[in-house]
Amino acid sequence: MNRSTPKNRNIGRRVAFYRELRGLTQKNLAAKLQTAGCDMTAEMVWKAENGRRNLSIFEIDKLAEVLHVDYNALFAQD
């Protein structure tokens, strides 16, 4: 499995944490991302959360925007 960041900074796990905290499903999050101009599907969200897909800087920016978190919160160490 490829990881763009070390295990203790797994952005995907952070995305899942904040998504669940906001009461969103992966499908809901994907819809919000698409509305914000980021073409991610629910499957792409699942893959990102499970470390099976790397995220671009643009996608990370949009995730932070849609999840209403500080950009740096997605990079925090566990």
Side-chain angles (χ1 to χ4, degrees):
M1 173 182 345
N2 290 338
R3 292 191 186 275
S4 59
T5 56
K7 271 190 170 180
N8 63 345
R9 291 191 187 197
N10 186 334
I11 295 170
R13 281 195 304 224
R14 293 284 179 196
V15 169
F17 171 79
Y18 287 112
R19 175 182 59 76
E20 292 170 0
L21 188 66
R22 305 289 185 264
L24 298 171
T25 65
Q26 292 170 340
K27 187 175 181 178
N28 296 144
L29 178 57
K32 286 182 175 285
L33 286 165
Q34 290 171 4
T35 300
C38 181
D39 193 24
M40 283 185 74
T41 64
E43 181 180 357
M44 293 165 78
V45 171
W46 181 89
K47 286 181 178 180
E49 288 182 355
N50 289 283
R52 301 192 187 282
R53 180 182 187 281
N54 291 325
L55 294 166
S56 71
I57 297 298
F58 174 76
E59 291 169 335
I60 295 169
D61 284 340
K62 289 299 179 180
L63 282 163
E65 177 185 321
V66 167
L67 292 171
H68 304 289
V69 297
D70 182 70
Y71 181 85
N72 294 318
L74 297 177
F75 290 94
Q77 287 185 330
D78 290 341

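Quick note: residue numbers are just sequence positions, from 1.
- Side chains of L29 and V15 form a contact here, defined as non-hydrogen atoms less than 4.5 Å apart.
- Side-chain contact between K32 and R22 is absent, with no heavy-atom pair separated by less than 4.5 Å.
- In this structure, M40 CE and Q34 CD are separated by 9.5 Å, a value rounded to the nearest 0.5 Å.
- To the nearest 0.5 Å, the span separating CH2 on W46 from OG1 on T25 amounts to 15.5 Å.
- To the nearest 0.5 Å, atoms CG (L55) and CE (M44) are separated by 9.0 Å.
- Across every non-hydrogen atom of R14 and L74, the tightest pair is CG-O, 3.7 Å.
- The minimum heavy-atom distance between A30 and A42, with the atom names listed, is CB-N, 3.4 Å.
- One hydrophobic cluster, built from ILVMFWY side chains closer than 4.5 Å, holds both I57 and Y18.
- Using a distance-only test at 3.5 Å, with no hydrogens or angles considered, a donor-acceptor pair links the side chain of D70 to the main chain of N72.
- With rounding to the nearest 0.5 Å, the separation of CG in L24 from CZ in R19 is 7.5 Å.
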Only distances under 3.5 Å count here; give the side-chain donor-acceptor pairs of residues 61-69 to other protein atoms, sequence neighbours excluded, each with its distance to 0.1 Å.
{"from": "K62", "atom 1": "NZ", "to": "A36", "atom 2": "O", "distance (Å)": "3.0"}
{"from": "K62", "atom 1": "NZ", "to": "E65", "atom 2": "OE1", "distance (Å)": "3.4"}

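- The local environment of CD in E43 is sparse, with at most 12 non-hydrogen atoms from other residues, nucleotides or ligands closer than 6.0 Å.
- Between E59 and R53 there is a side-chain heavy-atom pair separated by less than 4.5 Å.
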